[in-house]
Amino acid sequence: MIVYTVQKLSAYKLMREQGYLTGDIKYSMFPEAYKWMMEQMEKRLPNYISEIPPIWVWERQVNRNEKAIFKKGTKGIILKLDIPEENILWSPFEVWHNILNEGPITFDEMEWEEFDKRGYLLHEIKETWERLFDMDWLASRPKEWAGNFDDEWMQGVTPKITMDQIVKVERFIAK
């Protein structure tokens with residue numbers, strides 16, 4: 001399956017030296033959410049070992065001129081990759097933000113209000129997070145609550161990318 005990842009040029013140089021690239025939790029802005037995603041990968045991907053931090057990939061082609069990829073002036077690369085689909089765990093980018101913000105993934109406003117009444121207990125909130133991977137359920141939510149389900153913004157996580165998976169390398173400097 002063709003996917004894309006955006007990395008700093010220094011990460012690509014490391015990848016060329018060692019022949020592969022994995023994620024690194026020390027660079028994560030949200031380490032607890034990152035660890036949670038690794039647990040989900042262990043549940044859902046065959047042969048995944050939870051000690052290997054994932055790399056984020058995109059189903060859509062990334063535009064190097066998009067804002068907020070990196071700080072202005074940062075040297076980066078966009079890798080076009082061919083990775084077996086069974087090695088990627090997909091989730092919608094927008095819904096992932098509920099987890100980053102430690103909020104529940106709710107079907108509608110009424111369910112949200114139930115959490116509000118109970119005081120947003122974290123263990124109850126976390127019970128809703130696996131909904132992140134149920135695309136049919138997410139798409140069935142009322143549009144007035146969840147908006148249109150946008151599968152263009154699907155993100156994936158994969159344990160490792162290797163040099164032989166690279167189809168194309170595009171260098172850029174963040175604007």
Side-chain angles (χ1 to χ4, degrees), residues 1-7 23 25 27-48 50 53-70 76 78-161 165 167-168 170 174:
M1 170 172 211
I2 298 298
V3 295
Y4 302 85
T5 189
V6 181
Q7 302 294 327
I25 202 160
Y27 297 115
S28 174
M29 292 173 55
F30 302 93
E32 292 307 312
Y34 199 97
K35 289 175 189 171
W36 180 85
M37 184 62 86
M38 290 169 65
E39 292 168 9
Q40 295 304 308
M41 291 173 69
E42 190 164 36
K43 281 184 183 178
R44 300 165 189 275
L45 295 181
N47 306 317
Y48 174 70
S50 65
I55 296 279
W56 257 254
V57 296
W58 297 94
E59 197 170 38
R60 68 178 187 84
Q61 187 166 356
V62 179
N63 179 338
R64 68 183 184 176
N65 294 316
E66 289 181 39
K67 300 287 185 209
I69 290 180
F70 293 127
I78 297 171
L79 296 178
K80 180 178 183 180
L81 304 162
D82 190 359
I83 299 175
E85 191 161 6
E86 64 269 11
N87 293 339
I88 303 171
L89 178 59
W90 292 105
S91 62
F93 177 72
E94 286 188 22
V95 182
W96 168 241
H97 286 79
N98 290 60
I99 294 167
L100 295 180
N101 293 310
E102 294 189 341
I105 299 174
T106 60
F107 184 78
D108 55 19
E109 188 173 7
M110 191 163 69
E111 186 181 9
W112 181 272
E113 288 173 357
E114 287 299 317
F115 277 98
D116 195 37
K117 286 178 193 174
R118 290 193 302 274
Y120 299 99
L121 302 171
L122 188 56
H123 75 278
E124 289 182 358
I125 289 169
K126 285 184 175 184
E127 289 174 7
T128 70
W129 287 358
E130 291 197 31
R131 294 172 172 176
L132 180 71
F133 308 107
D134 187 341
M135 303 312 152
D136 292 333
W137 184 86
L138 291 168
S140 74
R141 299 186 303 165
K143 288 184 183 7
E144 61 274 1
W145 175 248
N148 291 323
F149 184 73
D150 188 358
D151 62 358
E152 181 180 323
W153 282 90
M154 292 299 283
Q155 63 180 8
V157 286
T158 192
K160 178 191 290 189
I161 54 177
Q165 293 172 324
V167 175
K168 182 180 178 184
E170 180 181 354

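Excluded from the calculations below are hydrogen atoms, water molecules and symmetry mates; all remaining heavy atoms, backbone and side chain alike, are included.
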Measure the shortest side-chain to side-chain distance between [X] and [Y] over non-hydrogen atoms and say whether it is less than 4.5 angstrom.
{"X": "Trp145", "Y": "Phe107", "result": "no"}
{"X": "Arg60", "Y": "Met154", "result": "no"}
{"X": "Ile78", "Y": "Thr5", "result": "no"}
{"X": "Asp108", "Y": "Glu113", "result": "no"}
{"X": "Leu121", "Y": "Phe115", "result": "no"}
{"X": "Leu89", "Y": "Gln40", "result": "yes"}
{"X": "Lys35", "Y": "Ile25", "result": "yes"}
{"X": "Met41", "Y": "Pro159", "result": "yes"}

All side-chain hydrogen bond (donor to acceptor under 3.5 Å, both in side chains) counterparts of [X], not counting sequence neighbours:
{"X": "Asp116", "result": "Tyr120"}
{"X": "Glu130", "result": "Lys43, Arg44"}
{"X": "Trp96", "result": "none"}

Which atom pair, heavy atoms only, marks the closest approach of [X] to [Y]?
{"X": "Pro104", "Y": "Thr128", "answer": "CA-OG1, 3.4 Å"}
{"X": "Glu85", "Y": "Trp90", "answer": "OE2-NE1, 3.9 Å"}
{"X": "Gln165", "Y": "Pro84", "answer": "NE2-CD, 4.1 Å"}
{"X": "Leu138", "Y": "Pro92", "answer": "CD1-CG, 3.5 Å"}
{"X": "Met135", "Y": "Phe149", "answer": "SD-CZ, 3.8 Å"}

From CA spacing to verdict: side-chain contact (heavy atoms from CB on, under 4.5 Å), Glu170, Val6: CA-CA 9 Å; Glu170 180 181 354; Val6 181; over 6 Å; no
I need the [X] [atom1] to [Y] [atom2] distance, nearest 0.5 Å.
{"X": "Gln61", "Y": "Glu59", "atom1": "CD", "atom2": "CD", "value": "13.0 Å"}
{"X": "Met37", "Y": "Glu32", "atom1": "CE", "atom2": "CD", "value": "14.0 Å"}
{"X": "Trp129", "Y": "Trp36", "atom1": "CH2", "atom2": "CH2", "value": "7.0 Å"}
{"X": "Trp137", "Y": "Leu132", "atom1": "CH2", "atom2": "CG", "value": "10.5 Å"}
{"X": "Lys80", "Y": "Ile2", "atom1": "NZ", "atom2": "CD1", "value": "5.5 Å"}
{"X": "Lys126", "Y": "Glu102", "atom1": "NZ", "atom2": "CD", "value": "6.5 Å"}

Residue among Val57, Asp82, Val167, Val62 satisfying side chain to side chain contact (heavy atoms under 4.5 Å, CB included) with Val3: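 Single pass found, and it is Val57.
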Backbone of Gly103 reached by a side-chain donor or acceptor of Asn98 within 3.5 Å: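 No, Asn98 side chain to Gly103 backbone: no donor-acceptor pair under 3.5 Å.
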Heavy-atom donor-acceptor pair, Tyr34 side chain to Pro54 backbone, under 3.5 Å: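 Confirmed, Tyr34 side chain pairs with Pro54 backbone.
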Arg118 bridged to Glu114 by N-O distance under 4.0 Å: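 Judged by the 4.0 Å cut-off on N to carboxylate O distance, Arg118 and Glu114 do form a salt bridge.
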Salt-bridge criterion met for Glu111 and Arg131 (N-O under 4.0 Å):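 Arg131 and Glu111: salt-bridged.
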Thr158 and Trp56 side chains, donor-acceptor separation under 3.5 Å: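 Distance-only check fails for Trp56 and Thr158.
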Exceeds 12 heavy-atom contacts within 6.0 angstrom, atom CD of Glu94: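 Check fails, neighbour count at 12 or below.
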Chi angles and distances behind the side-chain contact (heavy atoms from CB on, under 4.5 Å) call for Ile55, Gln7: CA-CA 10 Å; Ile55 296 279; Gln7 302 294 327; 3.8 Å; yes
